[in-house]
Asks: 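Before I ask anything, let me first share the structure, which is written out below as structure tokens.
Order of listing sets the numbers, starting from 1, for every ligand and every atom in it. Bear in mind that the values here come from a model prediction, so they are computed numbers and not experimental data.
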Amino acid sequence: MVSDRCRQQLQAHVDQCITSPSPKDVSPECDILPQPPATRGANAFSVLMSSHSENEAWKEAAVVENKSFRATKSGRRKAPFYKVMTGMPIAVDAFRYGAIPGITAYFLTHAHSDHYTNLSSNWKAGPIYCSEGTANLIVHMLSVDRKWVHALPMNTPIIVPNTGGVTVTLIEANHCPGSSLFLFEGKQTVNAGDSTFKSAFVGSSRTFRYLHCGDFRASPQHVLHPALKGKRIDTVYLDTTYLNPRYTFPSQSQTISACADLAKKLVTGEHVAFTGGEKGMLHTMEKWFPADAKIETDRATSKASNMLVVVGTYSIGKERIVKAIAQALNTKVYCDSRKAAILRCQQDPDLHTLLTKDPYTAGVHLVPLSVITSDRIKEYTERWKGHWDKAVGFRPTGWTYTPSAGADSSPSVASVIAKQPHRQFGPMHLRPMRNSTATYQLFGVPYSEHSSFFELTCFSLSLDWTRIIATVNVGSEASRVKISAWISRWEAERKRRGGGIVPYRSPEYW
Ligand SMILES: [Zn+2]
Ligand SMILES: [Zn+2]
């Protein structure tokens with residue numbers, strides 16, 4: 001069972017990742033004292049020492065992460081060790097700490113608020129490296145001075161200036177637009193940062209390889225990427241948002257198709273039966289709506305086009321659903337000018353082509369997530385003076401899906417990867433929310449831009465790594481213990497399997 005506190009923490013990350021500037025960092029990362037190559041076979045003492053050091057480092061991190069903690073004369077918050085790549089003058093998603101001692105390169109994985117905290121027009125601590133999409137977004141949204149922002153190409157190793165020759169390769173993260181994984185490769189040349197923990201490998205001739213996942217939704221494409229396939233990764237910084245067997249949801253493409261199909265069926269007035277729900281009951285529209293609603297009738301008539309499709313989103317992310325629905329309905333997408341400007345920062349010509357400034361020619365409207373409630377959607381639809389007489393609202397979050405009763409809360413790793421979840425997922429699995437009416441139908445959509453537990457397991461079994469450092473839900477020791485138990489089980493299963501990529505259904509999802 002997941003405790004309420006744990007659920008709140010998870011929800012906090014999913015929300016903060018995307019909404020307001022967040023004071024509370026619930027996604028710290030960690031790296032310290034990498035195990036020397038000899039410890040791959042790991043004698044008990046070295047493992048003990050390594051885990052002891054890591055535990056101490058986490059404790060130090062907990063102190064400096066404490067909200068009220070101000071250690072430096074300038075009031076600058078100290079950066080915990082896990083924000084700095086071990087032995088390299090490189091920090092990732094660490095803008096809230098200002099100018100970190102010894103850091104010459106500041107990386108940003110993506111433009112969600114919990115990752116760029118404190119980044120503004122006042123930034124002058126050093127060069128910022130990110131993807132081109134993220135660069136456009138932070139200049140537009142945060143007014144960061146262009147002179148600091150260095151957009152890097154995807155999939156191309158680039159030498160990072162003033163870092164002792166470290167190269168970085170950006171890999172699409174499958175999170176929000178512009179999000180990327182960073183693969184750093186190079187020697188350890190400096191103990192940068194505020195941490196008292198120092199690496200013994202600084203000055204050694206060994207090349208280290210770190211994969212920072214930022215926020216991501218793991219897919220076979222990641223482990224098949226030429227920069228990663230067959231490579232040993234010393235440290236993986238892993239987005240562990242949904243590292244709990246409870247969190248299982250369909251792939252993005254399954255969900256996207258389901259939404260597009262459902263929208264088309266509803267707009268054209270086709271009958272839809274919904275499955276699932278308590279005790280596997282079959283719900284039909286008649287069961288959910290009043291008998292006189294006549295929602296199945298207006299098939300392919302001019303009246304049928306009277307339905308507006310409204311999709312709720314946070315600031316950036318989930319645009320793929322909007323695009324798919326608009327394409328299925330052969331219509332345009334409308335949103336307010338502020339949102340449109342943000343969408344234009346993204347490198348997505350298909351989306352740009354769909355956008356229109358005329359709300360009346362757009363059958364799909366993109367709105368804040370808060371609009372997708374029965375009261376607000378009514379209010380929103382009525383705003384257009386009778387142009388639409390009904391609406392369907394989609395509310396995509398990672399939280400909609402309820403796992404079937406009796407699901408094993410502690411399955412073996414082998415059994416997790418043996419069974420691909422959600423083999424079938426279609427429009428009938430999207431269930432109308434309780435307060436839906438015949439006129440205003442609301443659907444929760446199990447759409448996540450973070451990896452499911454199944455995907456995290458497949459990813460970690462398919463990649464060759466020495467250490468995994470969890471980056472989310474590591475605020476409490478109890479949570480860290482649970483996370484490290486899964487990591488140990490992955491390690492054991494990976495050895496038992498003898499490596500290799502976990503079989504997948506498509507390069508896009510396991
Ligand atoms: Zn995040
Ligand atoms: Zn994010």
Asks: Sequence neighbours left out, what passes salt bridge (Lys or Arg N to Asp or Glu O under 4.0 Å) with Glu455? Give chain and number order.
Replies: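 Salt bridge (Lys or Arg N to Asp or Glu O under 4.0 Å) list for Glu455, sorted by chain: Arg217.
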Asks: Take Phe216 and His175 through the test ring-ring contact (aromatic ring centres under 6.0 Å, His included) and record every step on the way to the result.
Replies: CA-CA 5 Å; Phe216 82 136; His175 183 61; 9.0 Å; no
Asks: Do any of the N, O or S atoms of His175 sit under 2.8 Å from the Zn ion (ligand 2)?
Replies: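 It does; at least one qualifying atom falls short of 2.8 Å.
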Asks: Side-chain donor-acceptor contacts of residues 333-343 below 3.5 Å, not counting sequence neighbours, with atom names and distances?
Replies:
from	atom 1	to	atom 2	distance (Å)
Asp336	OD1	Arg338	N	3.2
Asp336	OD1	Lys339	N	2.8
Lys339	NZ	Thr313	OG1	3.3
Lys339	NZ	Tyr314	O	3.2
Lys339	NZ	Ser315	O	2.5

Asks: Verify the distance test for His110 against the Zn ion (ligand 2): any N/O/S atom under 2.8 Å, yes or no.
Replies: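 Looking at His110, which is the residue asked about, there is an N, O or S atom under 2.8 Å from the Zn ion (ligand 2).
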Asks: Taking just the N, O or S atoms of Asp114, which one is nearest to the Zn ion (ligand 1)?
Replies: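 For Asp114, the N/O/S atom sitting closest to the Zn ion (ligand 1) is OD2.
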Asks: Is a donor on one side and an acceptor on the other found under 3.5 Å between the side chain of His222 and the backbone of Ser219?
Replies: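 Answer holds: yes.
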Asks: Restricting to N/O/S, name the atom of Asp215 that gets closest to the Zn ion (ligand 1).
Replies: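 It is OD2 of Asp215.
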Asks: Can you confirm whether or not the ring centre of Phe107 sits under 6.0 Å from the ring centre of Phe184?
Replies: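 Judged by ring-centre distance (under 6.0 Å), Phe107 and Phe184 do meet the cut-off.
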Asks: Looking at the Zn ion (ligand 2), is one of the N, O or S atoms of His112 less than 2.8 Å from it?
Replies: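 Yes - counting backbone and side chain alike, His112 has an N, O or S atom under 2.8 Å.
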